[in-house]
Amino acid sequence: MGAVTTPQLVDVVDTISGVRTYSSGGTRTLSSCYVERWGLRIEHPTPEDPFSDAEVTWLLPDLGLRLTTYRPRSRHARSGPSVLSAVRVERDHRHWQTTDLLLGLAVPGGTTARIVRSEEFAAAVAGRVLRPGDADQALRTVHRTLEELSNVNHNLTSWLTWHGIYDSWPPL
């Protein structure tokens, strides 16, 4: 079975109302939303997910990336990998709009990062859902980030520090 081609995923965060709106029409009320010097930090509960309590996302517009992790429900459970997704970010004083470029890296911690969503990316390129410029940006962003991560032994905290982001990841 081949990958299904879907329209590009776009979401908008309203930093004043603290609401995230998805291209599907769904919304999430954010439990935290902070504009930082390096980007945007948001968190919201995930009540429909039996394994995670919350999604934590950082938008890193200068790097063209969205960094996401899920906080497990049980304090004894292992968290899954952090995911760096290539995105296009447009923002103004109130709204942060991200367009998912359908390619990313899973960074499990303690082991090598790996490229994820490549089949979905290829289907989107073949189906002309992704514009050639966006596809090129996604490839460049993911491969640059993978090379940078390999230079710091795939340590996400070191990589963030190298980019001048000294906040703790994953956040407590």
Side-chain angles (χ1 to χ4, degrees), residues 3-4 6 8-11 13 20 22-24 26 28 30-34 36 38-89 96 98-125 130 134-135 137-172:
V4 175
T6 58
Q8 276 191 287
L9 304 174
V10 177
D11 63 273
V13 174
R20 184 177 186 180
Y22 298 91
S23 53
S24 65
R28 290 270 186 198
L30 305 173
S31 52
S32 67
C33 179
Y34 300 103
E36 304 284 356
W38 45 260
L40 184 66
R41 173 197 316 247
I42 62 174
E43 182 173 340
H44 63 77
T46 53
E48 74 290 345
D49 188 327
F51 303 107
S52 71
D53 187 46
E55 176 186 318
V56 179
T57 300
W58 290 3
L59 297 179
L60 309 168
D62 292 344
L63 302 174
L65 293 165
R66 176 179 53 225
L67 177 57
T68 304
T69 193
Y70 291 89
R71 199 171 276 134
R73 284 200 184 281
S74 168
R75 63 186 176 127
H76 302 292
R78 289 185 66 171
S79 61
S82 296
V83 177
L84 284 159
S85 302
V87 293
R88 186 168 15 93
V89 179
W96 289 61
T98 59
T99 302
D100 191 335
L101 302 182
L102 305 174
L103 194 63
L105 295 168
V107 187
T111 185
T112 306
R114 63 183 172 78
I115 294 176
V116 294
R117 300 176 66 200
S118 57
E119 287 182 17
E120 185 178 358
F121 174 78
V125 170
L130 266 183
D134 283 344
Q137 179 183 343
L139 286 167
R140 289 177 188 272
T141 299
V142 167
H143 285 274
R144 179 200 73 230
T145 304
L146 183 58
E147 181 178 352
E148 291 172 357
L149 279 165
S150 69
N151 289 334
V152 293
N153 297 316
H154 300 273
N155 182 305
L156 200 46
T157 301
S158 296
W159 177 80
L160 287 165
T161 300
W162 186 66
H163 280 287
I165 302 169
Y166 303 103
D167 299 15
S168 175
W169 183 267
L172 302 173

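Only this structure's heavy atoms are used, side chains among them; waters, hydrogens and symmetry mates stay out. What you are looking at is a predicted structure, and each value in this text was computed from that prediction instead of being measured.
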Within-4.5 Å side-chain heavy-atom neighbours: [X] and [Y]:
X    : Y    : answer
D167 : W38  : yes
S158 : N153 : no
R71  : P171 : yes

Closest approach of [X] and [Y], non-hydrogen atoms and distance?
X   : Y    : answer
Y34 : S32  : CE1-CB, 3.6 Å
S85 : V83  : OG-CG1, 3.7 Å
A86 : D100 : O-OD1, 3.8 Å

[X], [atom1]: over 12 other non-hydrogen atoms inside 6.0 angstrom:
X    : atom1 : result
R140 : CZ    : no
R73  : CZ    : yes
Y22  : OH    : yes

Check: Just one of R66, R28, R88 clears the salt bridge (Lys or Arg N to Asp or Glu O under 4.0 Å) bar with D11, so which one?
Finding: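 Of R66, R28, R88, salt bridge (Lys or Arg N to Asp or Glu O under 4.0 Å) with D11 is met by R66 alone.
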Margin query: Looking at L101, is its backbone amide N or carbonyl O close enough to the side chain of R117 to form a donor-acceptor pair, meaning the two atoms are under 3.5 Å apart?
Written below: no
Note to self: Quick one: does any side-chain atom of T69 pair with a main-chain N or O of P170 as donor and acceptor, under 3.5 Å?
What the structure shows: no
